[in-house]
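First comes the structure, then the notes that go with it.
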Number of protein chains: 2
Amino acid sequence: MASASLKSGTPQKILDSAERLLQVRGYNGFSYADIATALRVTKASLHYHFPSKADLGRRLMQRYTQNFLAALTAIDSSGADAREKLQRYVSIYSDVLANNRMCLCGMLAAEYATLPKPIRLEVIRFFDANEAWLAGVLDEGRQSKAVHFAGSAIEAARVLIAGLEGAMMLARSYGEAARFERTGRRLLAELA
Amino acid sequence: MASASLKSGTPQKILDSAERLLQVRGYNGFSYADIATALRVTKASLHYHFPSKADLGRRLMQRYTQNFLAALTAIDSSGADAREKLQRYVSIYSDVLANNRMCLCGMLAAEYATLPKPIRLEVIRFFDANEAWLAGVLDEGRQSKAVHFAGSAIEAARVLIAGLEGAMMLARSYGEAARFERTGRRLLAELA
DNA sequence: GTCTATAGGTGGATAGAC
DNA sequence: GTCTATCCACCTATAGAC
């Protein structure tokens, strides 16, 4: 999944910079000044494109979810079987972590209590979409006997998402991406 | 596990208030002013007991880890078998979430990139201790055939911790503690 | 669309009276 | 040990020139 947009107008560059800062430092850990410094423009210029920080955050989330869902659609179109789809899903997380970033939504979930309501809604929308997509893949895999799990697919999907988000946070704190890889493999192995 | 201290001098009250704020809003989401308002004292008074925010955070983490390890020791002394110990371990997380709080260290892990180094070290110390304790219980359970898992105990412990931390973050965002309970049960079931 | 300048508020932190 | 008063840096955000 490419986080950065193909087009690279000023709003896109601002979103790219804000996205990186947010994934590394969190919503309450970066400021317009940080973006301004990175892009060598003034804060006032940023406010022209994104009037408020809440607006910036909301549009950031919208783009992130859009890109994420596009990556999931690409997996669907690949003709991979259910197990391969799950592996590619985990790889999306790996790629984010490889850039020393947290999942944008995992970060925002931690800071949830301090977020403006529009951003909160986008975070929930992201996780709902992830659960639904994963549940579909899991059901498909169960039917083809490629995947095995007890109970409902949506519950199994939630365990996987929770495990991946948690493993990402921990691996990043330890500075050991390999921790995430090992946990990701185990989570997939439990579905074999 | 009781987060609040039995003694309740001023430093303890400050730590109690800061702990709650940090678990709900994160390290970058609360200020000395928030604590001062809650305790109806001035900010200057807080600085007398905890000169800097970094110092406050570090001592908060030290107390949290101490209380957490005491809770683990209590489980060890209870004569419970390995499976019961694991269930009680999950219950510690449930109790924290029941107060609408995140695990203090899960929160700090998300904000890791912005933390003063002394606090970072305490966060790692917490997770190391948790992994070690869990790995011990898992090995004990495997020997008594009460618990089953592939690979090393430390790896299985990491999957469990990641799953619990992630499930906590998500359940709190959705405002549905039941999400955590269901994921917790599934994570334990995978060790049956 | 980007700039300078600035408003109005809050952040962590300190000096010194009581 | 707690207070008043204050410092200075930084925050989000806006007005108005170019």
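Side-chain contact between B:Met168 and B:Met102 is present, with heavy atoms from C-beta onward closer than 4.5 Å. Taking 4.5 Å as the limit, some side-chain heavy atom of B:Gln62 sits within range of a side-chain heavy atom of B:Arg59.
Within 4.0 Å (heavy atoms only), B:Phe50 reaches no atom of the nucleic acid at all. Among the atoms of the strands shown, only primed sugar atoms or phosphate atoms (P, OP1, OP2) are found under 4.0 Å from some heavy atom of B:Ser31.
Residue A:Tyr48 contributes atom OH, which lies 15 Å from atom C1' of D:dG16 at whole-angstrom precision. In this structure, A:Lys43 places its NZ atom 13 Å from C1' of C:dG9, rounding to the nearest Å. As rounded to whole Å, 16 Å separates atom C1' of C:dA13 from atom CG of B:Asp34. B:Tyr27 has its OH atom 12 Å from the C1' atom of C:dG11, to the nearest Å. Computed from coordinates, the B:Arg40 CZ to D:dG1 P distance equals 21 Å when rounded to whole Å. A straight line from CD of A:Gln12 to P of C:dG1 spans 11 Å, rounded to a whole angstrom. In this structure, the CG atom of A:Leu46 is 14 Å from the P atom of C:dG1, given to the nearest Å. Computed from coordinates, the B:His47 NE2 to C:dG12 P distance equals 7 Å when rounded to whole Å.
The A:Ser52 side chain lies nearest to D:dA13 when the options are C:dC3, D:dA13, C:dT14. Looking at the side chain of A:Ser45, the nearest of the listed nucleotides D:dT2, C:dT2, C:dA13 is C:dT2. Out of C:dA13, C:dT2, D:dC11, the shortest distance to the side chain of B:Lys53 is found at C:dA13. For B:Ala44, the side-chain atoms get nearest to D:dA5 when compared with the rest of C:dT4, D:dA5, D:dT2. For A:Thr42, whose side chain is taken as the heavy atoms from C-beta onward, the closest listed nucleotide among D:dC11, C:dT4, C:dG1 is C:dT4.
No option in B:Val123, B:Leu15, B:Leu104 other than B:Leu104 meets the side chain to side chain contact (heavy atoms under 4.5 Å, CB included) test with B:Tyr64.
For the pair A:Met61 and A:Ile119, the tightest heavy-atom approach, listed with the atom from each and the gap, is CG-CG2, 4.3 Å.
In this structure, OG on A:Ser173 lies 6.5 Å from CZ on B:Phe127, to the nearest 0.5 angstrom.
For C:dT2, one of the phosphate oxygens OP1 or OP2 lies less than 4.0 angstrom from a side-chain nitrogen or oxygen of A:Thr10.
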